[in-house]
Amino acid sequence: MKDLLDKLVRKNMAETKLGTVASYIPELDKAKKDALGLYIIDVEGNEYCSGDWDTKFTIQSISKIVTLMLAILDNGEEYVFSKVGMEPTGDPFNSIKKLETSSRRKPYNPLINAGAIVIASMIKGRDVRDRFQRLLEFFRKISEDETLDVNYKIYCGESETGNRNRAMGYFLKGEGIIEGNVEDALDIYFKQCSIEVTAKTLARTALFLANNGKLSTGETVITPRIATIVKTLMVTCGMYDSSGEFAVRAGIPSKSGVGGGILSVVPGKMGIGVYGPSLDKKGNSIAGVLLLGDLSNELNLTIF
């Protein structure tokens with residue numbers, strides 16, 4: 001397996017020069033453009049890695065699946081999906097146009113920015129600090145990594161440049177979709193996106209979903225129903241507006257982030273974490289997408 005992973009990483013590393021590192025959030029542009037790595041953990045506990053798997057980066061939009069799990073635990077499936085839909089948009093992840101033009105008047109799904117801000121508003125706690133701390137502790141638990149924390153330089157950049165996200169938040173408050181304080185919801189959202197991880201962190205979290213919400217200790221943290229909801233939305237919406245193409249290419253439930261990460265779940269088999277900060281025009285890791293396609297083909301990982 002190690003030889004295969006090394007071969008696939010070497011093959012796809014050349015593709016990094018065709019993309020660009022995210023620069024619209026301060027500090028993200030300091031990532032090494034040609035970095036590429038992956039980490040795999042299977043259900044038997046075997047671990048495999050290659051390339052830049054231990055490079056730290058911020059989780060960005062991959063955090064949306066973690067917040068979604070906790071929001072459903074806190075509020076129930078019916079309430080959560082009364083506020084956000086389950087459908088792909090076909091638009092960029094930060095698009096605002098359908099909030100006003102669509103008849104549904106709520107975000108199409110929880111994995112676009114507008115939907116994720118609504119989901120962040122649902123996390124329960126005594127105050128905004130307690131609400132985020134509960135989310136961070138939940139993420140530490142399901143990733144089995146107590147060292148996870150916020151990169152505060154990235155958080156400050158997120159907050160300072162997040163004007164489009166603020167516009168979405170206040171529009172959704174005006175529509176009655178967001179309940180409570182908008183700035184609190186935005187603060188949780190900016191902080192969750194700024195949590196620092198490695199490809200191994202993503203692989204462990206993916207394994208948790210591959211095991212239908214169970215930790216390596218056997219403890220069940222979320223129900224199989226919640227795990228199924230999250231994995232299904234990852235297939236239809238997880239790779240922004242190229243989710244359909246990725247489903248054809250790799251056939252694995254996945255969620256990407258503009259920090260360069262991709263979290264991929266092979267149900268009942270393994271969790272995969274990928275890091276490659278050079279992005280395509282849709283905001284996905286350009287080499288990471290190709291690497292996962294090759295890996296899926298080599299190991300017949302597609303769920304279809």
Side-chain angles (χ1 to χ4, degrees), residues 59-89 93-96 98-99 102 104-143 148 150 155 158-159 162 164-195 205 208-209 213 221-234 236-238 255 257 263:
I59 191 168
Q60 298 298 326
S61 283
I62 302 170
S63 66
K64 295 169 182 175
I65 64 173
V66 180
T67 315
L68 176 60
M69 289 183 241
L70 183 56
I72 297 174
L73 284 175
D74 277 355
N75 300 276
E77 177 184 341
E78 183 177 351
Y79 177 80
V80 168
F81 291 105
S82 73
K83 299 288 189 178
V84 297
M86 300 182 183
E87 305 300 331
T89 66
F93 60 90
N94 61 351
S95 177
I96 199 168
K98 281 185 178 167
L99 289 180
S102 170
R104 65 179 64 203
R105 313 299 279 185
K106 65 182 181 181
Y108 268 60
N109 67 72
L111 304 187
I112 54 174
N113 288 14
I117 294 165
V118 174
I119 296 298
S121 76
M122 298 180 186
I123 302 304
K124 294 189 181 298
R126 294 184 304 274
D127 52 33
V128 65
R129 178 178 290 187
D130 183 55
R131 291 162 66 193
F132 177 72
Q133 191 62 34
R134 285 190 63 241
L135 175 59
L136 181 60
E137 293 297 339
F138 178 75
F139 192 12
R140 287 172 175 168
K141 182 165 191 169
I142 66 173
S143 64
L148 291 186
V150 173
Y155 161 67
E158 296 261 4
S159 185
R164 182 185 289 254
N165 288 324
R166 282 197 171 83
M168 293 181 203
Y170 279 98
F171 179 85
L172 290 161
K173 174 69 172 179
E175 292 292 306
I177 300 297
I178 286 181
E179 299 176 13
N181 186 286
V182 179
E183 287 297 331
D184 287 354
L186 289 162
D187 192 62
I188 292 167
Y189 177 71
F190 293 142
K191 279 182 179 165
Q192 74 180 55
C193 290
S194 305
I195 295 171
T205 309
F208 170 76
L209 285 168
V221 180
I222 62 172
T223 63
R225 171 65 181 170
I226 296 175
T228 297
I229 290 169
V230 172
K231 286 180 283 189
T232 304
L233 287 167
M234 287 167 71
T236 58
C237 312
K255 182 72 195 84
L263 181 154

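Every value quoted in this text rests on a predicted model; they were computed, and no experiment measured them.
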To the nearest 0.5 angstrom, please state how far the [atom1] atom of [X] sits from the [atom2] atom of [Y].
{"X": "I226", "Y": "L73", "atom1": "CD1", "atom2": "CG", "answer": "4.0 Å"}
{"X": "I119", "Y": "L70", "atom1": "CD1", "atom2": "CG", "answer": "10.5 Å"}
{"X": "C237", "Y": "E87", "atom1": "SG", "atom2": "CD", "answer": "7.5 Å"}
{"X": "R129", "Y": "I188", "atom1": "CZ", "atom2": "CD1", "answer": "12.5 Å"}
{"X": "T67", "Y": "I117", "atom1": "OG1", "atom2": "CD1", "answer": "11.5 Å"}

Are [X] and [Y] close enough for a salt bridge, meaning some N to O gap below 4.0 Å?
{"X": "R225", "Y": "E77", "answer": "yes"}
{"X": "K83", "Y": "E179", "answer": "yes"}
{"X": "K124", "Y": "D130", "answer": "no"}

So does [Y] get a backbone contact from the side chain of [X], meaning a donor-acceptor N/O pair under 3.5 Å?
{"X": "R166", "Y": "V182", "result": "no"}
{"X": "N109", "Y": "G115", "result": "no"}
{"X": "K255", "Y": "G238", "result": "yes"}
{"X": "S143", "Y": "F139", "result": "yes"}

Decide yes or no for [X] and [Y]: does some side-chain heavy atom of the first lie under 4.5 Å from some side-chain heavy atom of the second?
{"X": "M234", "Y": "L209", "answer": "yes"}
{"X": "V118", "Y": "P110", "answer": "no"}
{"X": "I195", "Y": "K191", "answer": "no"}
{"X": "I123", "Y": "F132", "answer": "no"}
{"X": "F190", "Y": "N165", "answer": "yes"}
{"X": "I72", "Y": "F81", "answer": "yes"}
{"X": "I142", "Y": "I222", "answer": "no"}
{"X": "E158", "Y": "Q60", "answer": "yes"}

State which residues pass side chain to side chain donor-acceptor pair (under 3.5 Å) with E137; sequence neighbours excluded, sorted by chain then number.
Q133, R140

Just jot down the side chain to side chain donor-acceptor pair (under 3.5 Å) partners of S63, sequence neighbours excluded, or say none.
Q192

Y170 and E183 side chains, donor-acceptor separation under 3.5 Å
yes

So, S61 versus K64: side-chain donor-acceptor pair below 3.5 Å or not?
yes

Side chain to side chain contact (heavy atoms under 4.5 Å, CB included) for D184 and D127? Distances and angles first, verdict last.
CA-CA 9 Å; D184 287 354; D127 52 33; over 6 Å; no

Apply the test side chain to side chain donor-acceptor pair (under 3.5 Å) to residues D74 and Y79: give CA-CA distance (whole Å), side-chain angles for both, the deciding distance (0.1 Å), then the verdict.
CA-CA 10 Å; D74 277 355; Y79 177 80; over 6 Å; no

Where M122 and A71 come nearest, the two heavy atoms and their spacing
CB-CB, 4.2 Å

Residues L172 and A114: closest non-hydrogen pair is CD1-O, 3.6 Å

Exceeds 12 heavy-atom contacts within 6.0 angstrom, atom NZ of K141:
no

Checking side-chain contact (heavy atoms from CB on, under 4.5 Å) between L233 and each of V84, T228, I65, L111, which is the one that passes?
L111

Mind running side chain to side chain contact (heavy atoms under 4.5 Å, CB included) on I177 and F171 for me, showing each step along the way?
CA-CA 9 Å; I177 300 297; F171 179 85; over 6 Å; no

